[in-house]
Amino acid sequence: MSRFNFHDHLLQRDHSLNGAVLFGIDGHSVELQGRATKILKSPRPVTECVTITGMAKGPVYEAVMRIGGAFSKLGIKKSPVEILINLAPATLEKDGSWLDLPLAVLMLQVAGLLPDLPEQDEQRFLLVGEVGIHGELRPVPGALSLAFNAKPGQALIVPTGNEKECALILKKPGHEGCKVYPASSLDDVLNFFRGSSQLQNALRKPIRFEPAIPKAVDFGKIRGQEIAKKAAVIAAAGGHNLLLVGPPGEGKTLIASAIPGILPKLKESEMVELTRIYSAIGQLGGDGVAVTRRPIRTVHHSVSMPALVGGGSGIPRPGEITLAHRGVLFLDELPEFSRRTLEALRQPLEGGVVQITRVHASLEFPAEFSLVAAMNPCPCGYAGSDNCTCSSKEVEKYQKKISGPLLDRIDLQVALRPLTTDERFSPTREGESKKLQRQVQAARDRQSARFQGTSINCNATIPGGAVADYCNFSEEGFSEFKRVIDKSSVTTRTTDRLARVSRTIADLAGNAKIESENVTEAESMMLRFGQEVEN
């Protein structure tokens, strides 16, 4: 073929490849469309001939420079044509380094420097990966979310280091036939497209994952504080939020750290969901690591509101409450958090999601977490004892830093007392968490049967208008419930809290109906409720 005819062929040829970008924590498919638009009088380096359209952000243009360095290292010939690449859909912002690899391959195909695959083969691949200036392929965050954009039977080409994570795509219904091809360099991928070498499917053998979340503290290591530990079990069994109030150094943090270990084990679908979240935010911790245990996120009171609930400049990112999804969010020294930050928790606590709205983006992140908070009873921490140095006004001001509406969303509020000398030196009991987890699981199983066919997943999420439908009392239990309500001028919301907690205690005891002793125990687990009774 003559030089003119070869160039004419380049101008007539349409090219496309499949890629994906991360937006929040979700992957979005991107079709990279390429064609030659003009024959150059003299060939130029490929990356100097490229124009990119389709709402590409700065990092995508930086990718062209990175790819140029890799092409130089690999000795890629110059392009005889100008190249136009469109990233569709044009309404979606493209950021990050996820499109480096498909951009590099498409540039060479449009320039006639890499053989074209048959159209059906081109659509068979989804390419993702960052290209380094030395030609290496570097792992990218959110690879699992990107992989979920693969079509059934499609093959993924990803950097070495992302393949094990992408293996979880096999858990997606209809995607059992997908393949994952890891590559360590751009040259490996180019040779694959040239047909001179093969890439190996990483899914030929089962992949074993390491846990991303460390094992929780065993409840047997917690000395004393039997009431607080019982409250923690009730919180885990019913999905209730928990506030621990007591002097410093008496076990509040230790109890919170042990709660994930007695929550029901994650289902397979929940493991995949959490792994996607942690991968998207870059906290998965390495290849072959997955979230197999329920998380706990311990947040310092200096945290900003965007860091806690999500947000930030540009495309919103998930915050700590999303990383605590299906686990525990632990806020220590609760009154030291800013009022604005704490009030931002109210909507996620009610709805289980957080909605972030910006000019260019509106995203929804999952946030079904159990809130466990801890606080001292006063600024010095020793209110009620001879060691307290605070005035009554200081104590009142300190406790009022927590708003009533937020406290109304914390079902269990218990006080911890200083340990006795005997308790401090009592022996620990290994394996107690396993026993408690079985009790919690049995209580959750009863709730699953009760709420079958509804959107309610645990006692704590029973809507206010449906409390009477699901919290069935025995005759004695209802009499005790009314007695407690009669002696305390409380709101309807507080009444509902008492009923929900009583229902969970009954579930732990295996009672079909709420008995009087269940109500009595629930009352003792609601510190603020008890204060209202005294007033």
Side-chain angles (χ1 to χ4, degrees), residues 17-22 25-31 97-102 104-105 117-118 120-131 136-213 266-280 282-293:
L17 284 176
N18 296 307
V21 296
L22 199 65
I25 59 175
D26 295 318
H28 292 264
S29 297
V30 174
E31 181 185 3
S97 59
W98 301 286
L99 297 176
D100 286 20
L101 180 57
V105 172
L117 293 176
Q120 63 271 21
D121 284 345
E122 286 183 347
Q123 298 306 311
R124 192 163 57 89
F125 293 101
L126 173 65
L127 283 71
V128 170
E130 178 182 326
V131 176
E136 76 278 13
L137 293 185
R138 304 174 66 86
V140 292
L144 180 56
S145 290
L146 304 180
F148 266 55
N149 284 271
K151 300 172 184 177
Q154 203 169 37
L156 289 84
I157 300 179
V158 301
T160 299
N162 280 140
E163 71 273 15
K164 291 183 179 179
E165 173 187 340
C166 291
L168 290 172
I169 191 177
L170 298 181
K171 305 297 183 183
K172 186 177 181 182
H175 285 65
E176 294 80 4
C178 287
K179 298 179 175 64
V180 176
Y181 296 127
S184 58
S185 70
L186 176 60
D187 200 33
D188 290 342
V189 178
L190 299 184
N191 287 331
F192 174 72
F193 274 78
R194 293 182 185 118
S196 58
S197 67
Q198 295 294 316
L199 297 174
Q200 299 299 318
N201 179 19
L203 306 187
R204 291 180 302 168
K205 298 180 180 179
I207 294 175
R208 182 176 178 179
F209 292 94
E210 295 296 326
I213 307 294
L266 288 171
K267 300 175 184 176
E268 192 174 75
S269 60
E270 293 172 334
M271 292 181 188
V272 174
E273 178 188 30
L274 288 170
T275 300
R276 286 182 61 198
I277 293 171
Y278 275 68
S279 171
Q283 292 201 12
L284 199 54
D287 189 36
V289 177
V291 181
T292 57
R293 299 187 181 116

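Heavy atoms only: backbone and side chains are in, while hydrogens, waters and symmetry mates are out.
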What heavy-atom pair brings [X] and [Y] nearest, and what distance separates the two atoms?
X	Y	result
Leu203	Cys178	CD1-O, 3.6 Å
Ala143	Ser279	N-OG, 3.5 Å
Leu156	Ala147	CD2-CB, 3.3 Å
Gln154	Asn149	OE1-O, 4.4 Å
Lys267	Glu270	N-OE1, 2.9 Å
Leu126	Leu146	CD2-O, 3.8 Å

Residues that Asp26 engages under salt bridge (charged side-chain N to carboxylate O under 4.0 Å, His left out), provided they are two or more places apart: Arg276

Partner set under salt bridge (charged side-chain N to carboxylate O under 4.0 Å, His left out) for Glu136, not counting sequence neighbours: Arg138

Test side-chain hydrogen bond (donor to acceptor under 3.5 Å, both in side chains) applied to [X] - qualifying residues, sequence neighbours left out:
X	answer
Ser197	none
Ser185	Asp188
Glu268	Lys171

Do [X] and [Y] come within less than 4.5 Å of each other through their side chains, counting heavy atoms only?
X	Y	value
Val21	Leu99	yes
Leu101	Leu186	yes
Trp98	Val30	no
Val131	Leu137	yes
Phe148	Val272	yes

Whether Thr160 side chain and Pro182 backbone form a donor-acceptor pair below 3.5 Å: no

Parallel, tilted or perpendicular: ring planes of Phe192 versus Phe125, cut at 30 and 60 degrees: perpendicular

Steps toward side-chain contact (heavy atoms from CB on, under 4.5 Å) verdict (Tyr181, Asn201): CA-CA 5 Å; Tyr181 296 127; Asn201 179 19; 3.8 Å; yes

Pairs where residues 152-165 contributes a residue and the test salt bridge (charged side-chain N to carboxylate O under 4.0 Å, His left out) is met, not counting sequence neighbours: none

Chi angles and distances behind the side-chain contact (heavy atoms from CB on, under 4.5 Å) call for Phe209, Thr275: CA-CA 11 Å; Phe209 292 94; Thr275 300; over 6 Å; no

Nearest-0.5 Å distance that lies between atom CD1 in Ile157 and atom CG in Asn162: 13.5 Å

